[in-house]
Trainee: 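One structure is given below, represented as structure tokens, and several questions about it will come after.
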Amino acid sequence: MLTTPPLIDIHSHANRPSSGCRILSLDISAVVDALYLQSEIAEPNRYVSIGIHPWFIERQPVEQSWQTLQTLCIDPKVIAIGECGLDRCIDTPLTTQSEIFSRQIELSERIGKPLIIHCVRAFDELLGLRKMFKPIQTWIIHGVTGKPALAQQLIKHGCYLSFGKALLKPDNPVCQTLTTIPLERLFLETDAATDINIAQIYAAAAKILGLEIGVLSAELHRNFTRVFLHD
Ligand SMILES: [Zn+2]
């Protein structure tokens, strides 16, 4: 008998019950210690990404965040670093953000775990860092919005893309963007939304792509295994 692979939520901030597989994203300033981490991921099919989000760089001394991140990132349930990245729409200077992001790029390479990236209006800088570091680890740009051109540029540079709630509005240009993404570079997510579940995002994506949900979930499960569960 064929079994349907679990629906994978690649990036979520809400640790609510769900039958699928989820990477819960925790900012390091909210991770108190290893014990806390374990309680968040006690269920099977639960994983964590931890990082220093650009919005929260100034929440606590950076060196404190950095020490905690380095200590906890080696836990096997932590399967990615992030979310981290660059955001032009916040007060923290982009140079500071870039320095903190660069440390996390280096960490990702050192420990062999992918990056989940938040990027707002700073894609030139992001691709500049990508050219500089030439990372081996996968970079997943989460929360893709907008038209196909930028998404195509990110794909050309080797990034994976993750789409979320925006797909639920059929007239959103991001629905057209989704149709231009190779399936082997695609992920789906709920991010910070508390009023939707990952099954709704899969249903919307499958409809836009003209695929059965089972076909889509099998493709994304393959992506998940390749990117996150390798040795
Ligand atoms: Zn997020």
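Every number for a ligand or one of its atoms is a count from 1 in the order of the listing.
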Trainee: Do the two ring centres, one from Trp139 and one from His157, sit under 6.0 Å apart?
Mentor: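 Ring-ring flag for Trp139/His157: false, centres at least 6.0 Å apart.
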Trainee: Do you know which N/O/S atom name in Glu83 is closest to the Zn ion (ligand 1)?
Mentor: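 Atom name of the closest N, O or S in Glu83: OE2.
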Trainee: When you measure from the Zn ion (ligand 1) to each N, O or S atom of His11, which atom gives the shortest distance?
Mentor: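 Within His11, restricted to N, O or S, the Zn ion (ligand 1) is closest to atom NE2.
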Trainee: For the Zn ion (ligand 1), what is the closest N, O or S atom on Asp191?
Mentor: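 Looking only at N, O and S atoms of Asp191, the one nearest the Zn ion (ligand 1) is named OD1.
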Trainee: Should Glu189 and Ile201 count as side-chain neighbours, where that means a heavy-atom distance under 4.5 Å?
Mentor: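 No. Closest side-chain heavy atoms not under 4.5 Å.
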Trainee: Rounded to the nearest 0.5 Å, how far apart are CD1 of Ile79 and OG of Ser49?
Mentor: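 One gets 8.0 Å once the value is rounded to the nearest 0.5 Å.
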Trainee: Could you tell me if the side chain of His13 sits less than 4.5 Å from the side chain of Asp191, heavy atoms only?
Mentor: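 SC-SC contact between Asp191 and His13 confirmed.
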Trainee: Would His13 count as a contact for the Zn ion (ligand 1), in the sense that one of its N, O or S atoms lies under 2.8 Å from it?
Mentor: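 Coordinating: yes.
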Trainee: Between atom OG1 of Thr71 and atom CG of Asp75, what is the distance when rounded to the nearest 0.5 Å?
Mentor: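 One finds 11.5 Å between OG1 of Thr71 and CG of Asp75.
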Trainee: Tell me whether His53 has at least one N, O or S atom under 2.8 Å from the Zn ion (ligand 1).
Mentor: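 Checking His53: none of its N, O or S atoms is under 2.8 Å.
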